Amino acid sequence: MPEGDTVWQAARRLHDALAGRVLVRSDLRVPRFATSDLTGRSVLDVTARGKHLLTRIEGGLTLHSHLRMDGSWRIFAPGQRWNGGPAHQIRAVLANAERTAVGYRLPVLELIRTEDEEDRAVGHLGPDLLGPDWDADIALANLGKDPERELGEALLDQRNLAGIGNVFKSELCFLLNVTPWLPVGELPADRMASLPELARKLLEFNRDRPIRNTTGRRGQDLYVYGRARRPCLRCGTPIRVAEQGDGSRERPTYWCPVCQPGPAPDPAPRGRRSPAR
């Protein structure tokens with residue numbers, strides 16, 4: 001799933017292509033809004049809110065979209081061939097005289113009233129790590145509300161702080177020297193206090209980068225994510241991977257068993273998962 005840095009980049013591309021220009025074509029290919037016509041209206045701005053995209057349009061309207069796992073917005077010049085997927089996967093087309101934005105495989109797409117309904121769409125989110133509403137104290141308080149919850153799950157809960165996905169979850173836990181299965185309440189106080197700003201620093205560092213990097217090293221971009229069975233960049237121990245989640249939304253989670261002490265799944269034969277202790 002695209003994380004806060006990726007969605008921020010998508011918002012910037014859409015804003016640069018659409019903002020301040022009049023739409024000459026609009027096509028929302030979802031049943032509820034299929035008859036909505038935005039042509040003749042100007043796009044005011046496009047902004048990211050956590051992992052959500054808000055395209056604000058003249059007349060008090062907002063096109064709210066979410067990419068989830070497979071969605072994407074692509075930008076094309078006039079006459080350029082669209083190449084984001086087959087036509088039946090297109091969910092939205094917004095075009096002005098200079099650029100066309102095409103939304104592919106968007107699982108969330110709705111046209112809402114900016115003043116009345118934006119809060120319904122994104123008001124549940126915690127402070128946005130890349131947004132003007134960022135507040136480390138509120139994020140810290142949110143994380144601490146459920147001290148028994150596994151840290152990895154708390155970081156993914158967008159109601160606590162908005163923008164962290166599975167990559168940053170694994171990388172943050174490595175930088176904090178704890179496993180993602182550690183209960184939030186057992187995270188040492190000094191590391192708990194530093195967590196929100198560390199998360200913000202990672203996302204800010206990556207919001208302008210085409211290739212995500214958490215190590216600061218060229219060619220060694222990530223400490224643990226996607227590196228199962230490869231040596232830890234600190235200690236050389238093979239990185240482990242296991243699923244973390246509530247059963248309905250389990251995600252592959254990576255950690256170093258030496259650099260990250262704490263509760264973790266028991267070793268299991270390849271292809272089998274053991275539950276976390």
Side-chain angles (χ1 to χ4, degrees), residues 1-123 125 128 130-132 158 162-163 165 203 206-212:
M1 179 182 293
E3 307 195 18
D5 56 337
T6 305
V7 177
W8 190 92
Q9 293 172 16
R12 183 176 62 181
R13 290 193 297 269
L14 285 167
H15 182 88
D16 290 346
L18 300 176
R21 298 178 175 89
V22 175
L23 294 174
V24 298
R25 179 182 178 185
S26 81
D27 185 2
L28 306 183
R29 301 181 185 181
V30 292
R32 183 180 174 189
F33 303 105
T35 60
S36 300
D37 186 5
L38 302 174
T39 57
R41 299 175 187 252
S42 295
V43 174
L44 304 178
D45 70 84
V46 184
T47 189
R49 180 72 172 85
K51 300 178 184 180
H52 298 251
L53 285 163
L54 302 172
T55 302
R56 299 186 178 108
I57 300 165
E58 182 184 13
L61 297 175
T62 296
L63 187 64
H64 167 226
S65 59
H66 195 298
L67 306 180
R68 290 192 180 165
M69 291 295 293
D70 300 317
S72 69
W73 280 96
R74 300 291 186 93
I75 308 298
F76 302 99
Q80 184 179 0
R81 183 179 180 182
W82 299 356
N83 58 10
H88 72 266
Q89 293 182 347
I90 295 173
R91 298 293 176 266
V93 180
L94 298 176
N96 55 48
E98 300 174 0
R99 292 288 185 272
T100 299
V102 184
Y104 289 89
R105 300 172 299 278
L106 300 174
V108 175
L109 184 71
E110 58 177 351
L111 189 64
I112 59 179
R113 301 295 304 182
T114 303
E115 184 175 350
D116 302 329
E117 297 181 281
E118 267 196 21
D119 187 65
R120 173 190 59 77
V122 298
L125 299 174
D128 186 343
L130 294 177
Q158 303 300 295
L203 266 73
N206 283 283
R207 69 180 186 180
D208 294 314
R209 293 176 174 271
I211 299 176
R212 188 176 288 135

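Quick note: residue numbers are just sequence positions, from 1. Quick caveat, the model's predicted, so the values are computed rather than measured.
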Notebook entry, point to check: Does the side chain of Asn96 come within less than 4.5 Å of Val22's, by heavy atoms?
Noted result: no
Note to self: Using the rule given for salt bridge (Lys or Arg N to Asp or Glu O under 4.0 Å), can you reason through Asp208 versus Arg12, listing the C-alpha separation, both sets of side-chain angles and the distance that settles it, and then say yes or no?
What the structure shows: CA-CA 10 Å; Asp208 294 314; Arg12 183 176 62 181; 2.6 Å; yes
Item checked: Atom of Asp27, atom of Arg25 and distance for their closest heavy-atom approach -> OD2-NH2, 4.1 Å
Check: Does a side-chain N-to-carboxylate-O contact under 4.0 Å join Asp16 and Arg99?
Finding: no
Note to self: Main chain of Gly163, side chain of Gln158: is a donor-acceptor contact present, judged purely on distance under 3.5 Å?
What the structure shows: yes
Check: For Glu110, does its backbone N or O pair with a side-chain atom of His64 as donor and acceptor, under 3.5 Å?
Finding: no
Notebook entry, point to check: Within the distance-only criterion (no hydrogens, no angle test), does the side chain of Tyr104 pair as donor or acceptor with the backbone N or O of Gly84 below 3.5 angstrom?
Noted result: yes
Item checked: side chain to side chain donor-acceptor pair (under 3.5 Å) partners for Asn206, two or more places apart -> none
Notebook entry, point to check: Does one side chain, of Ser26 or Thr39, offer a donor that lies under 3.5 Å from an acceptor on the other?
Noted result: no
Item checked: Flag side-chain contact, heavy atom, 4.5 Å: Thr62 against Arg113 -> no
Notebook entry, point to check: Between Ser42 and Arg21, is any pair of side-chain heavy atoms under 4.5 Å apart?
Noted result: no
Side chains of residues 75-83: which donor-acceptor pairs under 3.5 Å do they make with residues two or more places apart or in other chains?
{"unit_1": "Gln80", "atom_1": "OE1", "unit_2": "Ala77", "atom_2": "N", "d": "2.9"}
{"unit_1": "Asn83", "atom_1": "OD1", "unit_2": "Arg74", "atom_2": "NH1", "d": "3.4"}

Note to self: If we ignore hydrogens and angles and just use 3.5 Å, is the side chain of Thr114 paired with the main-chain N or O of Leu61 as donor and acceptor?
What the structure shows: yes
Checklist line | For Gly4 against Leu203, the heavy-atom pair lying closest together | finding: CA-CD2, 4.0 Å
Checklist line | Note, Val108 side chain near Arg68 side chain (heavy atom, < 4.5 Å) | finding: yes
Notebook entry, point to check: Are Lys51 and Glu3 within salt-bridge range, i.e. N to O under 4.0 Å?
Noted result: no
Item checked: For the student: nearest non-hydrogen atoms of Leu18 and Val43, plus distance -> O-CB, 3.4 Å
Next item on the list: Might you point out which heavy atoms bring Ala92 and Trp73 nearest each other, and give the distance in Å?
Entry: CB-CH2, 3.6 Å
Next item on the list: Using modelled atom types only, decide if a donor and an acceptor are shared between the side chain of Glu118 and the backbone of Ile112 within a distance under 3.5 Å.
Entry: no
Check: Does Asp128 use its side chain to pair, donor to acceptor, with the backbone of Gly50 at less than 3.5 Å?
Finding: yes
Margin query: Tell me whether the rings of His66 and His52 are parallel (<30°), tilted (30 to 60°) or perpendicular (>60°).
Written below: perpendicular
Notebook entry, point to check: So, the side chain of Arg41 versus the backbone of Glu58: is there a donor-acceptor pair under 3.5 Å, distance only?
Noted result: yes
Next item on the list: For the pair Thr6 and Arg207, evaluate side chain to side chain donor-acceptor pair (under 3.5 Å) and give the outcome as yes or no after the intermediate values.
Entry: CA-CA 7 Å; Thr6 305; Arg207 69 180 186 180; over 6 Å; no
Checklist line | Which residues share a salt bridge (Lys or Arg N to Asp or Glu O under 4.0 Å) with Asp70, sequence neighbours left out | finding: none
